[in-house]
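Right, one structure below, let's go through it.
Order of the sequence lines fixes the chain letters, A, B, ..., with proteins taken first and strands second; residue numbering starts at 1 for each chain. If you're wondering where the values come from, they're calculated on a predicted model, not measured in any experiment.
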Amino acid sequence: MGNVIDFSFALEVFGKLIGYVPVTLGLALSSMFFASVLGLAVMFVRWRRIPVLGQLATFYVIIGRALPTLIVLYLVFFGLPLLLLILSGGKVNNGFNQISPLVFAVLGLTLHSGAYLAEIFRTAVQSVNKGQMEAALSVGMTSWESFRRIVLPQAAVLALPLMSNQFLGLIKGTSIAFMITVMELFGAANVISSLNNRYLEVYIATAILYWLVSICFEKAFQMLEAKMSFFKERKI
Amino acid sequence: MGTYFSLEYMLESLPVLLSYMDVTILVTVISEIAAMVLGSAVALMRIHRMPALNGLCIGYISFVRGTPFLVQLYLICFGVPQILGAFGYADIRSLPVLLFVLMVMTLHSGAYIAEIMRGSILSIDEGQLEAACSIGMTAAQAYRRIVLPQAFRTAIPALSNEIISTLKNTSLVFNVGVIDMLSKAELMGSFSYRNLELYLDVGIVYIFLCLAIHAGTVFLEHGRGRHKNQAAMVTVE
C-alpha cells in the first residue's frame with residue numbers, strides 16, 4: 001500500500017494548489033458578474049420584444065445553451081483573434097497575440113453562462129405577478145422605473161436559488177479553461193502531476209479543493225437565501 | 001475574408017466529423033442508461049434511509065456535485081491505473097479507455113439523476129405505494145410496476161436536461177484519448193491550421209443533437225403515455 005498514495009507528496013501538492021484557488025475564483029466571479037449583466041440585458045430585450053434584438057437574443061439563448069463550454073471557449077479563443085485580424089485589415093502584429101488567455105476564458109465563460117442566466121431571469125420575471133407591474137404603472141412610474149423598482153427586486157429573490165446553482169456550475173466550469181492554456185487550479189494540477197508522474201495524489205487534492213470551495217459557496221448561498229426569503233411574496 | 005475563413009473547408013470536413021458522431025452518441029446512451037439505474041437505486045436508498053448506505057450516498061452525491069467533471073475524469077482515468085499498477089496489474093493500458101470514460105460518465109450522471117429521481121419519487125402520492133402493497137405486491141414489485149414508471153414520467157424534463165449535459169460533457173473525453181468528434185477536429189486542425197472552421201462544424205453538430213433530444217422530450221412529455229398521471233383529467237366534470 002505504501003507506494004499507492006504518497007501522503008507527504010499529497011500534502012505538499014495540496015499546499016501548492018491552494019495558491020491557484022484565487023485564480024479559479026476570480027475567473028468564476030468575474031464571469032458570473034459579466035454573465036449576469038449580459039443575461040439581464042438579453043432577458044430585458046426578449047421581455048420587451050424589441051424587434052430585431054429580441055430575435056437575436058432568442059437565437060443566442062438557444063445556441064448558447066446547446067453548445068458545450070469547451071466549444072464556446074475554443075470558438076472564442078480561435079475565432080476572436082481571426083475576427084480582430086479581419087477587422088484590423090490583415091495586419092498581423094496588431095497586438096492580439098499579447099492578450100492573456102484569461103481574457104478569452106472570461107469571455108467564453110460569460111457567453112456560456114449568459115445564455116443560461118437569461119433563461120433563469122426570464123422565468124423569474126415571468127413568475128412575478130403581472131398585477132405588480134400594472135400597479136406600478138398605474139401610480140405613474142415609467143415602465144423602466146416600475147421594472148427596476150418593483151419587478152426586478154421580486155424577481156431577484158426568485159432567481160437566487162437558480163443563480164447560485166449556475167454559479168456553482170460555473171466554478172466547476174472554470175476547470176475547462178485549462179484547455180485554452182489558462183493556469184488555474186486544474187491546469188496547475190495537470191502540470192504538477194505530469195512533472196512528478198504521480199496522478200492519484202494530485203487529482204485527489206484538486207478534487208478536495210474544488211469540493212471545499214463548492215461546499216463553502218453552497219452554505220453561503222443557503223444563508224443568503226434564508227435572509228432574502230424575508231422579501232418573498234407571502235400568500236395570505 | 002477568404003484566406004482567413006474557408007467555408008469550403010468547413011463544408012467538406014463536416015461529413016468526416018459526422019462519421020465520429022457515433023462515439024458521442026454511444027457514450028451518451030450507454031452511460032445515461034446505466035446512470036438511470038444507478039440514480040434510481042441511490043434515490044431509493046436515500047428515501048428509505050438505509051443505515052450505512054444513506055451516509056455513503058450523501059457523500060457520493062456531494063462529491064460528484066462539488067467537483068468538476070474533468071477532475072473526476074482525470075482522477076479515474078489516471079488515478080485508477082496507478083492504484084492497479086501498485087497491486088501488480090501492469091498491463092492496465094491494454095484495457096480500453098472507453099471503459100473508464102463510461103464509468104466516470106455513469107458515476108457523474110448517476111449522482112445528478114439520483115437527486116432528480118429522489119424529488120420525483122417523493123412527489124408520487126404515498127397512497128400509490130400503499131395501494132400496491134395492499135393488493136399483495138412486494139415492495140420491489142410495487143416500485144418497479146407502480147411508483148418508478150410514474151416517477152420517470154414526472155422527471156422527464158429534468159432528465160432531459162441531464163442527458164443534454166451528459167452529451168455536452170462527452171466533448172471533454174478526448175482529453176483522455178478517446179477519439180470523438182472534437183479530437184478528430186483537433187487532429188485535422190493540426191494539419192490544416194483551420195481550427196475555427198472545424199470547431200464551428202462540431203458546434204453545429206452539437207446544436208442539432210441537443211435540439212433532437214429536446215424534441216424527443218417534448219414528444220415524450222406531451223405524447224399519450226401509459227403512465228401519465230390522469231388524476232387532473234378525471235376530476236374535472
Side-chain angles (χ1 to χ4, degrees), chain A residues 1-5 24 62-83 85-86 90 165 168-169 171-176 178-179 185-186 189-190 193-194 197-218, chain B residues 1 3-5 24 59 62-87 161 164-165 167-172 174-175 181-182 185-186 189 193-214:
Chain A
M1 195 66 195
N3 56 353
V4 177
I5 294 182
T24 290
I62 292 173
I63 301 297
R65 280 154 38 106
L67 284 178
T69 323
L70 181 56
I71 293 190
V72 178
L73 284 178
Y74 270 171
L75 287 180
V76 171
F77 190 60
F78 289 98
L80 204 60
L82 215 57
L83 202 68
L85 189 71
I86 293 166
N165 250 347
L168 292 175
I171 291 177
K172 291 178 264 167
T174 56
S175 66
I176 298 170
F178 99 96
M179 298 291 302
L185 187 49
F186 189 63
N190 277 329
S193 62
S194 48
N197 203 18
R198 295 200 74 90
Y199 297 96
L200 194 59
E201 294 89 343
V202 179
Y203 292 125
I204 286 178
T206 320
I208 288 174
L209 279 172
Y210 273 113
W211 198 4
L212 286 178
V213 170
S214 297
I215 287 174
C216 288
F217 274 101
E218 205 183 336
Chain B
M1 174 122 176
T3 48
Y4 303 120
F5 187 88
T24 304
S62 164
F63 178 79
V64 171
R65 286 162 58 110
T67 53
F69 174 73
L70 262 179
V71 174
Q72 293 158 16
L73 189 70
Y74 276 49
L75 191 61
I76 302 263
C77 290
F78 296 121
V80 169
Q82 193 181 325
I83 296 178
L84 291 177
F87 286 108
N161 274 344
I164 287 178
S165 90
L167 176 77
K168 292 196 271 177
N169 274 343
T170 56
S171 67
L172 299 172
F174 77 94
N175 278 306
M181 281 190 292
L182 202 54
E186 207 129 282
Y193 299 108
R194 291 202 172 277
N195 294 59
L196 184 63
E197 289 89 335
L198 294 165
Y199 294 144
L200 270 175
D201 277 341
V202 179
I204 289 167
V205 176
Y206 270 108
I207 289 170
F208 275 105
L209 284 176
C210 284
L211 291 180
I213 293 176
H214 182 70

Could you tell me which residues satisfy side chain to side chain donor-acceptor pair (under 3.5 Å) with B:Asn169, sequence neighbours excluded, listed by chain and number? none
Atom CD1 of B:Ile76 and atom CG of A:Leu200: how far apart are they, to the nearest 0.5 Å? 10.0 Å
So, the side chain of B:Lys168 versus the backbone of A:Leu70: is there a donor-acceptor pair under 3.5 Å, distance only? no
Once rounded to the nearest 0.5 Å, what's the spacing between atom OG of B:Ser171 and atom CE of A:Met179? 9.0 Å
So what's closer than 4.5 Å to chain B heavy atoms on A:Leu212: side chain, backbone, both or neither? neither
Using a distance-only test with no angle check, is there a side-chain donor-acceptor pair under 3.5 angstrom linking A:Tyr210 and B:Gln72? no
For B:Leu200, is it the side chain, the backbone, both or neither that has a heavy atom under 4.5 Å from a heavy atom of chain A? both
Going from OG1 on A:Thr206 to CG on B:Leu70, what distance comes out if it is rounded to the nearest 0.5 angstrom? 11.0 Å
Smallest heavy-atom separation, B:Cys210 atom then A:Ala66 atom, equals SG-O, 3.3 Å
Given a strict heavy-atom distance threshold of 4.5 Å, which part of B:Ser62 is in contact with chain A: side chain, backbone, both, or neither? both
Applying a strict 4.5 Å limit to non-hydrogen atoms, the region of B:Leu211 in contact with chain A is side chain
Where on A:Ile62 is there a heavy atom nearer than 4.5 Å to chain B: the side chain, the backbone, both, or neither? side chain
Honestly, the part of A:Ile71 sitting under 4.5 Å from a heavy atom of chain B is side chain
What class does the angle between the rings of A:Phe78 and B:Tyr199 fall in, given that below 30° is parallel, 30 to 60° is tilted and above 60° is perpendicular? tilted
